[in-house]
Amino acid sequence: MELQKILDYQDIDKKVYACEMEFKQSKPAQDYAKAMSLYKTKTEEMLKSIRDSEEVAVICDRYKQTYKNIFEEMNGLNDVFDSFEELKEIDKYEKKIAQFQKELLNIERELTRLSKKMDECIEISKKSLEDLKKLEDIIKVRKIDMQKIKIAIEDKAKVYIAELKKLQSEIPENVLAKYNAIRKNKKMPVLVSSSEDFKSCLGCGMDISSDLTIKLQNKQIVECPNCGRLIFNKN
């Protein structure tokens, strides 16, 4: 009796599910979903450009500090030249200054590259923001169109939903909870029969264990270890 009640419940629920699919596959709903997906993509692009610009700014600050440190060291070396008496000491420090100058040139080149990168990040952010503003207007229109067809389909499903509510009181809460959990995973039908020999699930076609086979033979409802559906003995 319990099995028949839940099967009756599922038969009605299939009609509700069909209404849900009708809405999901409708052009207004798909257009809205596409617009929202594009909005998400553009938002991620803008956020990435902001993160990139922040990283560039940190690197630039680091290079600027290094530049400052090298420049100060160079000035310090120039200050000590007057105290040297041997030319070999001066030659050593001149080589050190030449190395500093080389490092400074590399830093200047890197700062120029980073400056261009920063400009690119700013342009991407500006473009993404412009696109987002345009998409917001499109989404508003798409949402209105979607709501219209949603209301129409919900009206059609109301009678089925009312029937489901009547049956709910006749089905054990734990069984109904399990049914709804599987239903939320977009698996319909939730209850499927086993194969004639009770060795496989007709929902996914996969074999089941001998323990589950025995339970099915004893008219118990079991859960498929592969697809998660509830399997019953239809004989």
Side-chain angles (χ1 to χ4, degrees), residues 1-44 138-139 142-235:
M1 184 65 179
E2 177 184 305
L3 173 60
Q4 189 55 54
K5 286 293 181 182
I6 192 68
L7 287 175
D8 291 343
Y9 184 92
Q10 178 169 262
D11 285 341
I12 299 169
D13 195 25
K14 283 180 181 178
K15 297 175 183 177
V16 176
Y17 186 78
C19 290
E20 293 172 355
M21 290 300 101
E22 181 184 350
F23 169 70
K24 184 178 179 180
Q25 294 168 6
S26 68
K27 189 175 184 303
Q30 290 185 348
D31 287 345
Y32 178 79
K34 288 177 182 177
M36 289 299 294
S37 177
L38 185 56
Y39 191 90
K40 180 182 177 182
T41 299
K42 289 295 180 181
T43 300
E44 289 172 350
I138 293 173
I139 287 171
R142 295 274 197 275
K143 187 175 182 179
I144 292 172
D145 293 340
M146 180 191 67
Q147 290 288 5
K148 289 178 181 177
I149 192 166
K150 182 181 179 182
I151 291 171
I153 293 175
E154 283 179 343
D155 283 342
K156 184 166 63 174
K158 279 180 181 178
V159 61
Y160 307 131
I161 293 172
E163 291 178 22
L164 289 178
K165 287 181 178 179
K166 289 179 181 179
L167 276 175
Q168 284 175 0
S169 61
E170 302 178 37
I171 300 171
E173 288 185 8
N174 64 320
V175 176
L176 194 59
K178 186 64 180 177
Y179 177 96
N180 289 331
I182 299 170
R183 169 78 151 80
K184 285 180 180 178
N185 288 327
K186 310 299 181 185
K187 292 176 181 177
M188 181 60 78
V190 172
L191 282 93
V192 294
S193 64
S194 65
S195 58
E196 293 293 335
D197 57 5
F198 311 110
K199 292 182 179 180
S200 62
C201 167
L202 292 186
C204 63
M206 296 296 290
D207 291 342
I208 57 177
S209 67
S210 56
D211 289 344
L212 294 181
T213 294
I214 293 172
K215 288 181 179 180
L216 283 168
Q217 289 172 332
N218 292 328
K219 299 292 184 178
Q220 294 183 48
I221 298 175
V222 302
E223 184 176 340
C224 176
N226 181 60
C227 68
R229 291 183 172 88
L230 299 178
I231 312 172
F232 65 92
N233 180 344
K234 66 178 178 181
N235 297 326

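Because the structure is predicted, anything quoted here is derived from the model rather than measured.
- In terms of modelled atom types and a separation under 3.5 Å, the side chain of S37 and the main chain of K34 share no donor-acceptor contact.
- Contact check for K42 versus Y39: no side-chain heavy atoms found under the 4.5 Å cut-off.
- Annotation: side chain of K14 is in contact with side chain of D11 (closest heavy-atom distance under 4.5 Å).
- The side-chain hydrogen bond (donor to acceptor under 3.5 Å, both in side chains) analysis of residues 223-233, with sequence neighbours excluded, yields the pairs K178-E223.
- Between E154 and K150 the shortest side-chain heavy-atom distance falls below 4.5 Å.
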If you apply the rule salt bridge (Lys or Arg N to Asp or Glu O under 4.0 Å), what do you find for K234 with E196, and how did you get there?
CA-CA 9 Å; K234 66 178 178 181; E196 293 293 335; 3.6 Å; yes
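- Side chains of R183 and V16 form a contact here, defined as non-hydrogen atoms less than 4.5 Å apart.
- Considering only heavy atoms from C-beta on, I139 comes within 4.5 Å of Y32 through its side chain.
- The heavy-atom pair separating E170 from K166 by the smallest distance is OE2-O, 3.9 Å.
- Counted within 6.0 Å of CE on M206, heavy atoms from surrounding residues, nucleotides or ligands total 12 or fewer; the atom is thus considered open.
- When the shell of 6.0 Å around NZ of K143 is examined, it contains 12 or fewer heavy atoms from other residues, nucleotides or ligands.
- Remark: I153 CD1 to S26 OG distance equals 5.5 Å, nearest 0.5 Å.
- Atom CG in L167 sits 7.0 Å away from atom CG in L164 (nearest 0.5 Å).
- Going from atom CD1 of I182 over to atom NZ of K187 covers 7.5 Å, rounded to the nearest 0.5 Å.
- Using a 4.5 Å cut-off on side-chain heavy atoms (C-beta onward), I221 and L3 make contact.
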Residue pair N218, K215: steps toward the side-chain contact (heavy atoms from CB on, under 4.5 Å) verdict:
CA-CA 5 Å; N218 292 328; K215 288 181 179 180; 5.7 Å; no
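- Taking CD from Q168 and CG from L176, the interatomic distance works out to 5.5 Å, rounded to the nearest 0.5 Å.
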Please step through side-chain contact (heavy atoms from CB on, under 4.5 Å) for the pair E20 and F23, ending with a clear verdict.
CA-CA 5 Å; E20 293 172 355; F23 169 70; 5.9 Å; no
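- Across every non-hydrogen atom of I231 and S193, the tightest pair is CG2-C, 3.9 Å.
- Contact record, A29 with M146: CA-CG, 4.0 Å, taken as the closest heavy-atom pair.
- Shortest non-hydrogen contact noted between K5 and I171 is O-CD1, 4.0 Å.
- Shortest non-hydrogen contact noted between P225 and L212 is CD-CD1, 3.8 Å.
- Side chain of Q10 to backbone of L191: a donor-acceptor contact under 3.5 angstrom is found.
- Proximity of I138 to D31: side-chain heavy atoms (C-beta onward) are nowhere separated by under 4.5 Å.
- More than 12 heavy atoms of other residues, nucleotides or ligands sit less than 6.0 Å from atom NZ of K219.
- Under the side-chain hydrogen bond (donor to acceptor under 3.5 Å, both in side chains) test applied with D197, the options S200, S195, S194 reduce to a single match, S195.
- A donor-acceptor contact closer than 3.5 angstrom is absent between the side chains of D211 and S209.
- By the 4.5 Å heavy-atom criterion applied to side chains, F232 and I6 are not counted as neighbours.
- Partners of K158 according to the side-chain hydrogen bond (donor to acceptor under 3.5 Å, both in side chains) rule, which considers only residues two or more places apart in sequence or in another chain, are D155.
- Remark: the backbone N or O of Y9 is not paired with any side-chain donor or acceptor of D13 at under 3.5 angstrom.
- F198 and L216 make their closest contact through O-CD1, 3.9 Å (heavy atoms, listed as atom of the first residue, atom of the second, distance).
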